[in-house]
Amino acid sequence: MSYHAPADVTEAVTLLASQDNARPLAGGTDLLVQMRSGRVRPEMIVDIKRIDRAMGVRARDGGFAIGAATPCTELLNETALCKAWPGVVEAANLIGSVQVRNRATIGGNLCNASPAADSVPALIAANASAVVVGPAGEREVPVQDLLAGPGRTTLGKGEFLLEILLPPRPPRSGDAYLRSIPRTEMDIAVVGVGVSLTCDESGACTDARVALGAVAPTALLVPEAGAALVGSRLEDAALEKLAEAVKAACRPIDDKRGTIDYRIAMTAVFAPRVARIAHQRAQEAA
Amino acid sequence: MTKLLDKQELKVVGTRPVRPDGADKVTGKAVYGADYNLPGMLRGAILRSPHAHARILSIDTRKAEALPGVKAVATNADFPKVDMGEIDAGEAGINVDRAGQMCLAREKVFYEGQPVAAVAATSASIAAEAVRLIEVEYEVLPHVIGVEEAMREDAPVLHDDMFTEGLPETPTKPSNVVLRFESAKGDPDAALAAADVVGSGRYSTQPVHQGYIEPQACIVSVGGDGQAQIWCSSQGQFMVRSVTAAITGMNLADLRVVPLEIGGGFGGKTTVYLEPVALVLSKKSGRPVKMVLSREEVFRSTGPGPGAIVDVQIGATKDGILTGAILEMKYQVGAFPGAGCQAGVMHALGCYRIANSRIVGWDVVSNMPSTHAYRAPSAPQSEFAVECAIDDIARQLGMDPIELREKNGVKPGDPSFSGAPYGDIAFMETLAAAKEHPHYAAPLGPNQGRGIAAGWWVNHGGESTAMVSINEDGSAVVATGNPDIGGSRASMAMMAAEVLGLPIEKVRPIVADTSSIGFSMLTGGSRTTFATGRAVSEAAADVVEQLKGRAAMIWGVESDKVEWSDGQARCTDPQQDLPPLSIKDIASKTSKTGGPIAAEKSVNPGDAMQTFGVHICDSEVDPETGHVRIVRYTAVQDVGRAIHPSYVEGQAQGGAVQGIGWALNEAYMFDANGRLDNPGFLDYRMPVASDLPMIDTLLVEKPHPGHPFGVKGVGEVPIVPPLAAVANSVSAATGKRFYDLPLSPARVHAALNGAA
Amino acid sequence: MKKQYVSTIVNGDPADFLCEPQTSLLNALRDELGMTGSKEGCGSGDCGACSVILDGKLVCSCLVLATEAEGKRVETIEGMAQEGRLHPLQEKFLDVGALQCGFCTPGVLIAAKALLDRNPDPSEEETRYWLAGNLCRCTGYDKIIRAVLEAAAELRQERAPA
C-alpha cells in the first residue's frame with residue numbers, strides 16, 4: 001500500500017485514477033476502521049487534506065462552500081455557518097465522540113454512504129450540492145445523487161468529493177436534525193430526521209424539506225412530508241400529515257440496530273420534534 | 001489475631017491513601033499485557049473458523065510457512081493428547097481438553113471465531129498475511145444458538161460424547177443438554193396452590209460480555225533448555241501456569257508466569273486463550289512470541305456470561321410471608337460447558353427464608369463461545385427473576401417492597417443453601433439502611449418510577465500465600481500472588497501496615513510471579529481482600545512476633561516482657577527503663593540478632609461470609625420512544641469492613657453500572673449463519689458516561705468476626721441487584737411488567753404500544 | 001512493504017521513526033517509539049483508550065495514520081506530568097480513587113485535559129458528554145466525573161487573580 005498527500009486537485013485525480021483500488025482519505029474515521037476489519041484493502045491512499053479547497057469554510061455565491069475534508073468540530077467555529085445552518089452543524093457534531101468529530105468530515109460521512117449517516121439527512125434537507133472532481137473535470141450535483149446504495153456511491157474512477165455547497169439562506173429560515181439512538185452517545189442512528197424550512201412574517205411555512213436517514217438503502221428526501229408543512233404554522237393537523245408522510249416513505253429493515261416497526265414508529269415521533277425546532281429557529285432568525 | 005479486633009482505633013485500615021501503583025497508572029508507565037516487549041520477539045496471529053459448526057477436514061499451512069518472515073505455525077496437533085479431565089484451577093475446575101480446543105480447535109469447530117491455526121512471524125502484518133494463506137477445508141454442519149432450540153430433539157448435536165447428567169436414567173442418545181441440577185425441600189406445589197398471591201413469569205437474559213477494556217495479551221519465551229517464561233495480564237498467574245502446562249504437556253516446574261498489570265477481568269480472564277498457543281509457537285521458532293487479541297477477537301472467541309431463561313413462581317400469604325417457590329432455569333453455556341446453572345440454582349432464593357422450594361437448572365450447549373465467569377457468575381440471571389417476582393408480589397399486596405423483603409429476609413442462624421446456618425450476615429441491616437436512605441423517600445417526576453432489588457453472593461475463601469519482610473531501613477515489603485484488578489494491592493499494604501504499626505508509605509506491596517511466592521488461587525470470587533488479606537495479616541503478625549523476640553534479645557529480657565504497639569517494641573518490665581525500639585532500630589541490628597526478618601503464610605479459609613446488596617433505581621421512560629434514562633441510583637451494600645473505602649465504593653459503583661448495561665442495552669446478537677453480529681463496542685452497547693447519573697453508595701459495616709479486620713467479599717454482589725432494580729423501576733414508571741432483557745428502547749416501546 | 005520515514009514532535013521533543021504506510025499513529029507510538037501509555041482497547045475509535053492530542057485537538061490515535069502525523073505535534077499521557085510533577089487531574093484521580101484497573105485512565109486523562117483546556121468550568125452534564133468517547137468498565141464513571149470537576153475547580157482557583 002502506498003500513501004500520497006498531493007497539494008492540488010489534478011495530482012489527486014491522477015493518483016486516484018491510476019489504480020482500481022485507490023481511496024481518498026479525509027478524516028479516516030471510516031476508512032481506517034474498514035481497513036482494520038479487512039473490509040477494504042486499498043492499494044493506495046490519497047490524502048486530500050493538503051488540497052486548499054478541501055479544507056475550511058468559505059462564503060460563496062451567497063451561500064457556503066465547505067471543504068469536504070473539514071473536521072466536523074471545525075464547523076462549530078464558523079459563526080456565520082452556525083447561524084444559517086444550525087441543523088447541518090449539529091448533525092455533523094453528533095457523529096461518534098469528540099475524538100471522532102475532531103477528525104471526521106461531512107464529506108467522508110456522505111461518501112461512506114451509510115444509510116444511517118448523521119449529516120446526510122440534514123444536508124439533503126438543506127438542498128446541499130456536492131462538487132465532484134475527476135478526470136472529466138468538475139461537476140456539481142445534489143448531494144443525494146452521490147448515494148447509490150448502502151456503502152456505495154455514484155463516484156467514478158478517479159473522482160472524489162471536493163466541496164459541499166450550501167445555498168443562500170432566505171430570511172426566516174431554520175433547520176434541525178435529531179436522531180433516535182439506544183444510548184445517549186456513540187451509537188449509529190436508528191432513525192435520523194433533518195428538516196429545513198422557511199417562513200413568512202406570520203410564521204407560516206413557505207418552503208420545507210424533510211429528509212430521513214436509516215429507514216431506506218439511502219437517505220431520502222420526502223417531498224410529501226415537506227408539502228405537509230407548507231402553508232401551515234405546524235398545527236397538530238399539519239404535524240399529523242407530516243408523520244403520515246414520513247411513515248409512508250420508510251422502507252427500513254430489521255437489523256442489529258433497530259426493527260422495521262420501531263423505525264417506522266420513530267420517524268413519526270421524531271419528524272414533528274425536528275420540524276418544531278426548525279420552525280422555532282426560523283422565527284428566531286428574523 | 002483477636003487482639004487486633006479489640007483495637008479502638010485503626011490507624012490505616014479505613015482511610016483512603018493514594019494507591020501504591022497509582023502514579024504509574026496515571027502517567028502511562030504501568031506495564032499491561034500488550035506493553036511488554038522482548039528483543040527478537042515474533043508476533044503471533046490466529047486463523048479462526050468462519051463457521052458456527054463444522055468438521056475440519058484438512059488444514060494446509062504450507063503456503064503460510066513459505067511466506068518470508070514466518071517462523072512457526074501451530075495447530076491442535078501440537079498439543080499432546082490429554083487425559084487429565086479437570087484440573088483445579090480458575091474458580092472452578094478447568095477441563096484441559098476443552099480448554100485446549102478453545103485455544104486451537106481439534107476435529108470440529110463449534111463457534112464462529114474458534115481458533116483453528118496460528119502463526120508467528122517477524123511482524124504483525126506478515127503474521128496477518130500468513131493467516132490468510134492457510135487453507136482449511138470444512139464440512140459445514142447445521143448450527144443452533146438459542147437455549148430452547150438447542151434442547152429440542154431434532155437440534156443439531158454438538159458433541160457425540162455428551163450424555164445428560166443428573167437425569168434419573170442415563171440417556172443413550174447424546175444431546176446438547178449437559179446436565180440437570182435440582183435442589184428441593186418441602187412441598188412447593190402444595191405451598192403454591194395454597195398461596196394467597198403468586199408472583200410468576202418467564203424471565204430471560206442474553207449472553208453478555210465482561211467488557212474489560214484491555215484485550216487478552218501475552219508474551220511467551222521458551223528457552224533452549226525447554227524452560228519457559230510467560231508475561232501476561234491475567235487474573236491468576238498460578239492458574240495460567242497450571243492450565244498452560246496441562247494443555248501443552250509441560251512440567252509445571254519448567255514454567256514461570258510473571259503477572260503484568262491487568263486492564264479489567266471480571267472473571268473473563270480466569271482462563272487462558274493465548275498462552276498455550278504462544279508457547280508452542282515460541283518453542284517451534286526458538287524466539288519469544290507476543291500475541292494480543294483484537295477487540296473483534298475478544299468478542300468472537302472469549303467466553304461471555306450465559307444467557308438464561310428462568311421460569312419462576314413464588315407464593316405468599318396475604319401478610320407477605322413467602323411460602324413456596326418453583327423455578328426452572330435453562331442456561332446457554334456455549335460450545336463447551338462453561339459457567340452454567342449450578343450457581344444460579346444455588347443463589348436464586350438465598351436472600352429469603354422459604355420453607356418449600358424446587359429449583360431445577362439445565363445447562364445447554366450451543367454454537368457460541370463457551371461461557372465463562374462474569375462477576376457473580378450465573379447468579380444475576382436467576383436472582384433477576386426472583387427479585388422481579390417478589391416485586392410483583394409486593395405490588396399485588398400493596399406492600400412496601402423493602403418491608404416485604406424484611407419480613408422474609410435471611411438472618412444469622414437461618415439455614416443457607418448448603419444447610420449450614422448463616423453466620424453474622426447483614427441482609428437485615430442492609431435493607432434497613434436502604435429504607436432509611438434519603439433516596440428512598442425522594443419525590444419522583446412525570447414518567448419516572450422507582451425500583452428496588454436485593455441480591456447476594458456466596459463469596460470464596462481459597463488458597464492464598466503472602467510474604468512480609470522487613471528491609472534494613474525499617475520499611476516492609478508485602479508480596480502476594482494475586483493480581484490487582486481493583487486496588488487490592490493498596491488494601492494488602494494497609495492491612496500489613498496496620499498490623500506492623502507502620503505508616504502506609506513504608507509498606508510496599510508487590511504482586512509476585514509463580515517462582516517467587518507460594519501458591520495463590522486467582523483473583524476472583526470476591527476473595528482477595530478476604531483470604532489474601534488474611535494471609536497478609538497473619539504473615540505480618542508473625543513478623544511482629546519475630547520483632548518482639550529480637551527486641552528481647554537486644555534488651556536481654558525475657559520474651560514475654562515485650563509488647564508491641566504503634567510500630568514499636570516496649571518493655572513491660574516495670575523495673576527496666578528502656579526506651580521503645582522501632583522497626584528501624586530492630587532492623588538495623590538483624591545481622592547480630594539472627595538474620596533477616598520475614599514470614600510467609602499460606603491460608604485456605606473456609607469461612608468466607610455471604611454478602612448482600614440492596615439497590616434503589618429511579619428511571620424515566622420516554623413514552624413516545626421507549627428510551628429509559630437512569631435518573632438516580634443508590635447501591636447499598638454490606639461489606640464487613642471497608643479496608644480502603646474508595647475502592648469498596650468503586651466495586652459497588654462499577655458492578656452496578658455493569659448491571660445497568662446488562663439491563664438496558666447489552667446483548668450478543670447472532671445472524672442467521674450463527675455469526676456474532678456485534679463483535680465491537682459500537683454495537684455491543686456498554687454504558688457511556690453520558691448514560692448515567694452519579695452512583696451513590698452506602699457501605700454497611702458489620703465485621704466478619706473470623707477475619708482479622710472483619711473483611712467480607714464485596715466485588716461481585718453489586719452486579720446482582722441492578723438487573724431487577726432497573727426492570728422494576730421501568731415497571732413502576734410504565735405500569736407494565738418487563739420480562740426480557742435488555743430493555744432496549746425498541747422493546748420498551750413495543751410493550752407500551754401493545755405489541756407482544 | 002516499504003517503510004516510510006515520519007518526523008513528528010511528541011510531548012515537545014522531536015521524534016522520528018520508520019513505519020509501514022498503514023500503521024496507525026497508536027501503533028507507531030507504542031511499537032516504534034516505545035510509548036505504551038496510550039492503549040488499544042478496540043482499534044476502531046469506539047473506546048478512547050488511545051486518545052492523544054494532535055495539533056491541539058483530541059483524537060483517537062488508532063484512527064490516524066502515523067504518516068499523517070508528519071510535522072505535527074502529538075501530546076500523549078507520557079507528557080502530562082511536567083518535570084516530575086503530576087498534573088492536577090492526575091493528582092485528583094489518585095486522591096479520589098478514580099481508577100481501578102487503570103487501563104482506560106491515560107485516555108480519560110488526556111480527554112479530560114482537553115476539556116479543561118478549552119472549558120475551565122464544565123457542568124457535570126458537559127463533562128459526561130465530553131467523556132462519552134472514553135469507555136470505562138470498572139468505575140461506572142462516578143469517581144472519574146467527580147475527579148474532573150474537582151480538578152477543574154482547583155485549577156480555576158489557582159488561576160483566579162489574587
Side-chain angles (χ1 to χ4, degrees), chain B residues 16 18-19 21-32 34-37 123-125 210-215 261-266 292 294-296 484-487 644 646-647 649-658 660 680-682 686-692 694-697, chain C residues 1 20 22-23 27 30-31 34-47 49 76-78 80-81 86-87 89-91 93-107 109 124-125 127-146:
Chain B
R16 300 174 191 248
V18 169
R19 57 194 282 174
D21 53 325
D24 279 355
K25 294 201 164 142
V26 298
T27 53
K29 291 199 173 80
V31 180
Y32 294 82
D35 299 335
Y36 197 74
N37 297 298
S123 78
S125 56
Q210 300 83 354
Y212 35 82
I213 310 296
E214 179 212 23
E261 298 300 327
I262 174 173
F266 315 110
V292 181
S294 70
R295 177 55 49 187
E296 189 179 338
D484 183 354
I485 58 181
H644 192 312
S646 301
Y647 292 110
E649 290 159 1
Q651 292 298 307
Q653 292 166 329
V657 169
Q658 284 180 312
I660 289 171
F681 286 140
L682 176 61
M686 303 187 340
V688 298
S690 46
D691 291 339
L692 299 160
M694 294 297 183
I695 308 292
D696 290 324
T697 60
Chain C
M1 191 150 321
E20 293 170 4
Q22 79 276 18
T23 303
N27 284 336
R30 291 177 55 80
D31 298 336
M35 299 177 72
T36 57
S38 310
K39 309 297 183 196
E40 175 169 320
C42 72
S44 57
D46 297 306
C47 78
T76 72
I77 184 65
E78 286 91 344
M80 197 161 163
L86 295 179
H87 187 282
L89 275 167
Q90 292 170 307
E91 298 269 15
F93 269 54
L94 292 177
D95 286 340
V96 167
L99 58 144
Q100 288 180 33
C101 80
F103 193 76
C104 75
T105 306
L109 283 169
E124 180 187 333
E125 194 180 24
T127 305
R128 286 184 178 278
Y129 273 87
W130 184 274
L131 292 177
N134 289 84
L135 287 182
C136 175
R137 196 55 160 169
C138 294
T139 67
Y141 304 103
D142 181 294
K143 291 183 191 292
I144 289 176
I145 303 298
R146 288 184 204 272

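Heavy-atom basis, side chains included; hydrogens, waters and symmetry copies ignored. Letters A, B, ... are given to chains in the order of the sequence lines, protein chains preceding strands, and every chain is numbered from 1.
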Undergrad: May I ask you to name which of B/I485, B/V31, B/L692 has the most heavy-atom pairs under 4.5 Å with chain C?
TA: B/L692

Undergrad: So, does C/Q100 use its side chain to make a donor-acceptor pair with the main chain of C/C138 at under 3.5 Å?
TA: yes

Undergrad: Strictly distance-based, threshold 3.5 Å: is any side-chain N or O of C/R146 a donor or acceptor partner for the main-chain N or O of C/A98?
TA: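 Such a contact is absent between C/R146 side chain and C/A98 backbone.
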
Undergrad: Could you tell me which portion of C/N27 (side chain, backbone, both or neither) has an atom closer than 4.5 angstrom to a non-hydrogen atom of chain B?
TA: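 Neither part.
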
Undergrad: If you compare all heavy atoms of C/Q90 against all heavy atoms of B/V26, which two are closest, and at what distance to 0.1 Å?
TA: NE2-O, 2.7 Å

Undergrad: Measure distances from C/F103 to the heavy atoms of chain B and classify the residue's part below 4.5 Å as side chain, backbone, both or neither.
TA: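 Both parts, backbone and side chain.
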
Undergrad: Can a side-chain donor-acceptor contact be found between B/Q210 and B/Q658 if the only test is distance below 3.5 angstrom?
TA: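 No.
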
Undergrad: Quick one: which of C/R30, C/M80, C/E78 has the most heavy-atom pairs under 4.5 Å with chain B, could you say?
TA: C/R30

Undergrad: So which of B/V688, B/D35, B/D24 has the largest heavy-atom pair count under 4.5 angstrom toward chain C?
TA: B/D35

Undergrad: Is a donor on one side and an acceptor on the other found under 3.5 Å between the side chain of B/Y32 and the backbone of C/T36?
TA: no

Undergrad: What I'd like to find out is whether the side chain of B/V657 reaches to under 4.5 Å of the side chain of B/D691, using heavy atoms alone.
TA: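 The answer is no, as the side chains (C-beta and beyond) never meet within the 4.5 Å cut-off.
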
Undergrad: If you count heavy-atom pairs within less than 4.5 Å of chain C, which of B/A652, B/G654, B/G264, B/S123 leads?
TA: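 Most heavy-atom pairs under 4.5 Å with chain C: B/G654.
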
Undergrad: Under 4.5 Å heavy-atom distance to chain C, tell me which part of B/E296 shows up: side chain, backbone, both or neither.
TA: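 No part of B/E296 comes within 4.5 Å of chain C.
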
Undergrad: Looking at chain B, which one of C/S44, C/A132, C/G34 has the largest number of heavy-atom pairs inside 4.5 Å, strictly under?
TA: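 Top option by heavy-atom pairs under 4.5 Å: C/A132.
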
Undergrad: Which residues pass the side-chain hydrogen bond (donor to acceptor under 3.5 Å, both in side chains) test with B/Y212, not counting sequence neighbours?
TA: B/Q216, B/T302

Undergrad: With a 4.5 angstrom heavy-atom cut-off, is it the side chain or the backbone of C/T139 that approaches chain B, or both, or neither?
TA: backbone

Undergrad: Please tell me if the side chains of B/H644 and B/R19 come closer than 4.5 Å, counting only heavy atoms from C-beta onward.
TA: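 No. Closest side-chain heavy atoms not under 4.5 Å.
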
Undergrad: Measuring only between side-chain heavy atoms, which start at C-beta, is C/L99 closer than 4.5 Å to C/L94?
TA: yes

Undergrad: Is B/I262 close to chain C through its backbone or its side chain, or both, or neither, when contacts mean heavy atoms under 4.5 Å?
TA: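 When you check distances to chain C, only backbone atoms of B/I262 fall under 4.5 Å.
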
Undergrad: Is it the backbone or the side chain of C/E125 that comes under 4.5 Å from a heavy atom of chain B, or both, or neither?
TA: neither

Undergrad: Donor-acceptor check, side chain of B/R295 to backbone of B/I213, threshold 3.5 angstrom: yes or no?
TA: yes

Undergrad: Just give me the residue among B/M694, B/K25, B/E214 that pairs up with chain C most often, heavy atom to heavy atom, under 4.5 Å.
TA: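 Heavy-atom pair counts peak at B/M694.
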
Undergrad: If the condition is salt bridge (charged side-chain N to carboxylate O under 4.0 Å, His left out), which residues does C/D46 pass it with, not counting sequence neighbours?
TA: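 If we apply the salt bridge (charged side-chain N to carboxylate O under 4.0 Å, His left out) test to C/D46, skipping adjacent residues, there are no hits.
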
Undergrad: Is it the side chain or the backbone of B/Y36 that comes within 4.5 Å of chain C heavy atoms, both, or neither?
TA: neither

Undergrad: With a 4.5 Å limit on heavy-atom distance, are the side chains of B/Q651 and B/T697 in contact?
TA: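 Result no, sub-4.5 Å side-chain heavy-atom pair not found.
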
Undergrad: Among C/A81, C/G140, C/G37, which residue forms the greatest number of heavy-atom pairs with chain B at distances under 4.5 Å?
TA: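 Of C/A81, C/G140, C/G37, C/G140 has the most heavy-atom pairs under 4.5 Å with chain B.
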
Undergrad: What part of B/A30 lies closer than 4.5 angstrom to a heavy atom of chain C: side chain, backbone, both or neither?
TA: backbone

Undergrad: Measure B/I695 against the heavy atoms of chain C and call it side chain, backbone, both or neither at under 4.5 Å.
TA: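 Both parts, backbone and side chain.
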
Undergrad: Can you tell me which portion of C/L86 sits under 4.5 Å from chain B's heavy atoms? Options are side chain, backbone, both or neither.
TA: side chain

Undergrad: What residue in C/D31, C/L131, C/L109, C/L135 has the most heavy-atom pairs under 4.5 Å with chain B?
TA: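 That would be C/L135.
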
Undergrad: Can you tell which of C/G41, C/G102, C/G97 has the highest number of heavy-atom pairs within less than 4.5 Å of chain B?
TA: C/G41

Undergrad: Pick one of side chain, backbone, both or neither for B/E261, based on which atoms fall under 4.5 Å of a heavy atom in chain C.
TA: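 Neither part.
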
